Novice: 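Let me give you the structure first, and then I'll get to my questions.
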Amino acid sequence: NAGVTQTPKFRVLKTGQSMTLLCAQDMNHEYMYWYRQDPGMGLRLIHYSVGEGTTAKGEVPDGYNVSRLKKQNFLLGLESAAPSQTSVYFCASSSGPGPPIAKNIQYFGAGTRLSVL
Amino acid sequence: GQSLEQPSEVTAVEGAIVQINCTYQTSGFYGLSWYQQHDGGAPTFLSYNALDGLEETGRFSSFLSRSDSYGYLLLQELQMKDSASYFCAAPKGFNKFYFGSGTKLNVKP
């Protein structure tokens, strides 16, 4: 059981280049999330999706776009990378909404380490 | 706004008990979750408190006091493998979560 798989694991970009990060989950989860993690700042929500074909903005959405064309995949795009987007990116999924409806356990991928020069 | 405050670092010796605190200011508070993250690894879910009181899962326990806007994670019989970062997280609405900045736990022999 693979769980949540992120590709690539590492990437170096030059300022202005574009790229797409792929997240795939095999747990048939409805909800998927993209976070970024910077030193001393914990995890910050970029975008999330509550089901196939839906996306919504999180806490820090500027400079990123997302798509959820298939239930199992959630793509994060950087159209014109900037050094401020150097970070570790985590994808997560959960079976449904959070409290007070449910506990909302999030399952995370191994992360993508991105450097923008 | 939403904020969760945690100490940045805690050090304890193997076999001891350690408490990691989390104070929060959130609107529409529904509960507090805890996640563990080893260096270079992915966060993994540890526990969730919806109600006041203590939740126990093996060596780990988590406590919540809504009246004090405060919770903590208690780790007993510390092992070297418990060296990791620990994050508290609180939901905002049904779909978003806010994470604290994390507490790095150093377990020494």
Side-chain angles (χ1 to χ4, degrees), chain A residues 2-6 9-10 23 25 27 29-51 54-61 66 68 74 88-113, chain B residues 1-9 20 22-24 26-52 55 57 60 62 64 66 71 73 84-105:
Chain A
V4 179
T5 303
Q6 291 183 234
K9 289 183 169 49
F10 304 94
C23 177
Q25 53 96 3
M27 295 175 282
H29 283 170
E30 290 292 337
Y31 284 50
M32 296 187 75
Y33 312 82
W34 275 108
Y35 293 92
R36 61 177 289 173
Q37 185 174 36
D38 302 297
M41 296 190 72
L43 292 154
R44 291 184 292 168
L45 183 64
I46 305 172
H47 286 281
Y48 65 97
S49 168
V50 301
T54 75
T55 62
K57 294 180 180 179
E59 188 183 0
V60 287
V66 288
R68 183 100 180 268
F74 195 27
V88 181
Y89 292 85
F90 285 100
C91 175
S93 71
S94 65
S95 58
I101 296 173
K103 187 183 295 187
N104 186 277
I105 298 173
Q106 296 191 29
Y107 297 86
F108 285 82
T112 295
R113 283 149 184 80
Chain B
Q2 206 98 351
S3 70
L4 297 103
E5 299 291 332
Q6 304 179 236
S8 59
E9 195 163 348
I20 298 174
C22 175
T23 56
Y24 61 86
T26 68
S27 55
F29 181 78
Y30 293 126
L32 200 66
S33 299
W34 288 92
Y35 285 80
Q36 178 192 59
Q37 184 181 30
H38 287 99
D39 281 348
T44 56
F45 175 83
L46 288 177
S47 67
Y48 170 68
N49 292 72
L51 303 173
D52 286 0
E55 293 279 342
T57 308
F60 293 5
S62 57
L64 178 64
R66 290 171 173 265
L73 181 69
S85 292
Y86 294 84
F87 295 88
C88 57
K92 180 177 174 61
F94 298 150
N95 304 321
K96 299 182 186 180
F97 271 77
Y98 284 91
F99 284 77
S101 55
T103 299
K104 185 174 176 62
L105 172 64

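Reminder, nothing fancy here: chain letters follow the sequence lines and each chain counts from 1. Computed from a predicted model, the values in this text were never measured in an experiment.
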Novice: Do the two ring centres, one from B/Phe99 and one from A/Tyr35, sit under 6.0 Å apart?
Specialist: yes

Novice: Do you know which two heavy atoms are closest between B/Phe45 and A/Gln106, and how far apart they sit?
Specialist: CB-O, 4.5 Å

Novice: Less than 4.5 Å to any heavy atom of chain B: does that hold for the side chain of A/Tyr107, its backbone, both, or neither?
Specialist: neither

Novice: Need one label for A/Lys57: side chain, backbone, both or neither, based on atoms under 4.5 Å from any heavy atom in chain B.
Specialist: backbone

Novice: Looking only at non-hydrogen atoms, find the nearest pair between A/Ala110 and B/Ala42 and report the distance.
Specialist: CA-CB, 4.1 Å

Novice: With B/Tyr35, which residues qualify under side-chain hydrogen bond (donor to acceptor under 3.5 Å, both in side chains), at least two apart?
Specialist: none

Novice: With a 4.5 angstrom heavy-atom cut-off, could you sort out which part of A/Arg44 is near chain B: side chain, backbone, both or neither?
Specialist: neither

Novice: Who pairs with B/Asp52 by side chain to side chain contact (heavy atoms under 4.5 Å, CB included), at least two apart in sequence or on another chain?
Specialist: B/Leu64, B/Arg66

Novice: What are the two closest non-hydrogen atoms of A/Gln37 and B/Phe87, and how far apart are they?
Specialist: NE2-CZ, 3.3 Å

Novice: Measuring heavy-atom distances to chain A, does B/Gln6 have an atom under 4.5 Å in its side chain, in its backbone, in both, or in neither?
Specialist: neither

Novice: Is chain B contacted by the side chain of A/Ile105, its backbone, both, or neither, given a heavy-atom distance below 4.5 Å?
Specialist: both

